[in-house]
Student: 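A single structure is presented below for examination.
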Amino acid sequence: MRIGFFGTPDFAVPSLKMLAGEGYTVAGVFCQPDRKSGRGHHVSFSPVKETALGLGLPVFQFEKIKSPEAVQQIKDLNLDLMVTAAYGQILSKEVLDAPKLGCINVHASLLPKYRGAAPIQWVIINGETSTGITTMFTDVGLDTGDMLLKRAVPIGKDETGGELYERLAILGADVLKDTLEAMESGTLTRTPQKEEDASYYPMLHKEMAKLDFGQTSRQLVDRVRALCPIMRCYASLNGEEIKLISLKISETATEGKPGEVLAADPKQGLIIKTGDGAVEAVQIQYPGGKAMDAKASLLGKPIAAGDCFE
RNA sequence: CGCGGGGUAGAGCAGUUUGGCAGCUCGUCGGGCUCAUAACCCGGAGGUCAAGGGUUCAAAUCCCUUCCCCGCAA
């Protein structure tokens with residue numbers, strides 16, 4: 001079976017490795033073009049590209065996968081099946097119709113819930129206790145195609161978005177493997193998504209990392225761990241933007257307005273009033289500095305109780 | 001050559017503008033106080049001020065070079 005693989009970030013790597021490892025013919029690997037990134041603006045390869053090169057697979061990087069050249073390239077590969085996993089571009093009907101058997105997508109949520117580009121972070125932000133992987137036939141809508149296999153996993157109480165991401169990437173490869181085996185043995189069934197149960201969540205935006213201390217302690221803690229480590233949540237204190245790397249719910253019951261510093265000393269730590277209680281900022285990071293324990297930071301850079309995060 | 005911040009005792013920081021004894025909080029070690037303590041008091045140890053070069057009577061501080069860390073942007 002000739003497979004075309006479409007993916008770009010770390011999430012797609014286990015799936016690609018599985019395909020190669022299970023003996024499927026990966027006729028081409030498509031990923032986003034190389035971008036200048038990081039400090040110094042050096043060009044770096046995406047994880048999928050690195051992996052494909054390591055496996056000796058041909059790599060294709062189109063600025064627009066809908067372009068005539070890209071479509072022609074896909075057709076020329078004479079594919080039986082396309083597999084997508086966090087590719088990063090919307091596929092057109094023309095592309096989806098190219099392979100004989102269609103296109104299978106690996107999505108990191110229990111569809112039809114959490115359609116969209118960042119389901120892993122959103123489930124944590126919303127305080128869900130479980131999520132999973134759904135494989136599906138891709139259609140022209142956004143994560144709306146018929147579902148194939150689904151597998152659920154519990155979300156750890158303190159699990160970060162990064163940790164869940166890693167687990168789901170591996171689970172995704174596993175479910176994809178089962179999906180392909182079922183397809184080959186003819187036991188695969190497709191289940192339409194119930195639109196009335198569907199939910200969609202957008203891509204992550206910068207401003208999502210700004211903390212609103214009017215939220216509950218639980219919401220704040222969930223947001224910080226959900227966005228960790230791809231975005232560091234922050235709030236302003238006395239004109240400085242301080243990143244709050246990790247929070248935990250504090251039992252300190254005290255009066256105050258949301259965002260107010262209830263305590264800030266090396267013994268108690270940095271305690272901040274929230275909408276319904278208080279949180280302790282366990283790890284913080286000042287502009288230009290490294291992430292560090294809040295208690296250690298307070299030894300050198302004191303914060304006055306009564307100051308207020310905004 | 002994308003823009004910017006930083007490197008000072010085990011940890012966190014001040015000192016650099018204007019060159020002039022290496023400082024602060026905490027930890028650590030010893031002693032004291034106390035029914036007791038994470039509290040309080042007294043004392044000690046711990047530094048190649050990231051590295052190299054230059055200027056100077058004198059450099060953490062000014063100039064040049066290198067290394068490393070961080071944020072933004074992408």
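Proteins get letters first, then strands, A, B, ... in listed order; numbering begins at 1 in each.
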Student: What interatomic distance, in whole Å, is found between C1' of B:C68 and the corresponding atom of B:A50?
Tutor: 7 Å
Student: Taking the C1' atom of each, how far is B:C69 from B:A59, in whole Å?
Tutor: 24 Å
Student: In whole Å, measure the gap between the C1' atoms of B:A73 and B:U65 for me.
Tutor: 28 Å
Student: What nucleotide among B:A11, B:A39, B:C13 has an atom nearest to a side-chain atom of A:Lys267?
Tutor: B:A39
Student: Using purine N1 to pyrimidine N3 plus N6-O4 or O6-N4 for Watson-Crick, or N1-O2 and O6-N3 for G-U wobble, each under 3.5 Å, what pairs with B:C35?
Tutor: none
Student: Atom NZ of A:Lys301 and atom C1' of B:G5: how far apart are they, to the nearest Å?
Tutor: 11 Å
Student: Scan A:Leu149, A:Val175, A:Leu111 and name whichever one has a side chain to side chain contact (heavy atoms under 4.5 Å, CB included) with A:Ile133.
Tutor: A:Val175
Student: If we call it a pair only when both distances are under 3.5 Å in a Watson-Crick or G-U wobble match, what pairs with B:A58?
Tutor: none
Student: If we take the P atom in both B:A45 and B:C13, what is their distance in whole Å?
Tutor: 26 Å
Student: Please determine, for B:U18, whether a Watson-Crick or G-U wobble partner exists with both distances under 3.5 Å, and give it or none.
Tutor: none
Student: Tell me which nucleotide, if any, is Watson-Crick or G-U wobble paired with B:C3 when both distances must be under 3.5 Å.
Tutor: B:G71
Student: Could you check A:Ser297 against A:His42 and say which one's nearest nucleotide on RNA chain B is further toward the 5' end?
Tutor: A:His42
Student: For a 4.5 angstrom cut-off between non-hydrogen side-chain atoms, does A:Val29 reach A:Leu16?
Tutor: yes
Student: For a 4.5 angstrom cut-off between non-hydrogen side-chain atoms, does A:Arg218 reach A:Val221?
Tutor: yes
Student: Using atom P in both nucleotides, what's the gap between B:G53 and B:C72 to the nearest angstrom?
Tutor: 36 Å
Student: Roughly, in whole Å, what's the span from CG in A:Asp293 to P in B:C13?
Tutor: 11 Å
Student: Strictly under 4.0 angstrom, non-hydrogen atoms only: write out the protein contact profile of nucleotides 67-74 of chain B, one letter per nucleotide from the 5' end, B, S or -.
Tutor: --SBBSBB
Student: Mind telling me whether A:Phe6 and A:Tyr87 have parallel, tilted or perpendicular rings, with 30° and 60° as the class edges?
Tutor: perpendicular
Student: Check the orientation of A:Tyr165 and A:Phe11. Use parallel for under 30°, tilted for 30 to 60°, and perpendicular for over 60°.
Tutor: perpendicular
Student: Starting at atom CG of A:Leu298, determine the distance to atom C1' of B:U25, rounded to an integer number of angstrom.
Tutor: 11 Å
Student: Roughly how far apart, to the nearest Å, are B:G15 and B:G32 at atom C1'?
Tutor: 34 Å
Student: A:Leu299 CG to B:U28 C1': how many Å, rounded?
Tutor: 14 Å
Student: Please measure how far the P atom in B:A14 lies from the corresponding atom in B:C24, and state the result in whole Å.
Tutor: 15 Å
Student: To the nearest Å, give me how far apart CD (A:Glu240) and C1' (B:G5) are.
Tutor: 11 Å
Student: Indicate yes or no: does A:Asp80 engage A:Arg2 in a salt bridge with an N to O separation below 4.0 Å.
Tutor: no
Student: With both distances under 3.5 angstrom, what nucleotide forms a Watson-Crick or G-U wobble pair with B:C24?
Tutor: B:G12
Student: Say you pick atom P in B:C29 and the same atom in B:A39; how far apart are they, in whole Å?
Tutor: 13 Å
Student: If you look at every heavy atom in A:Ser217 and A:Ile249, which pair is closest and at what distance?
Tutor: CB-CG1, 3.9 Å
Student: Taking the six-membered ring of A:Tyr286 as reference, does the NZ or CZ atom of A:Lys301 fall below 6.0 Å from its centre and within a 45° cone about the axis?
Tutor: yes
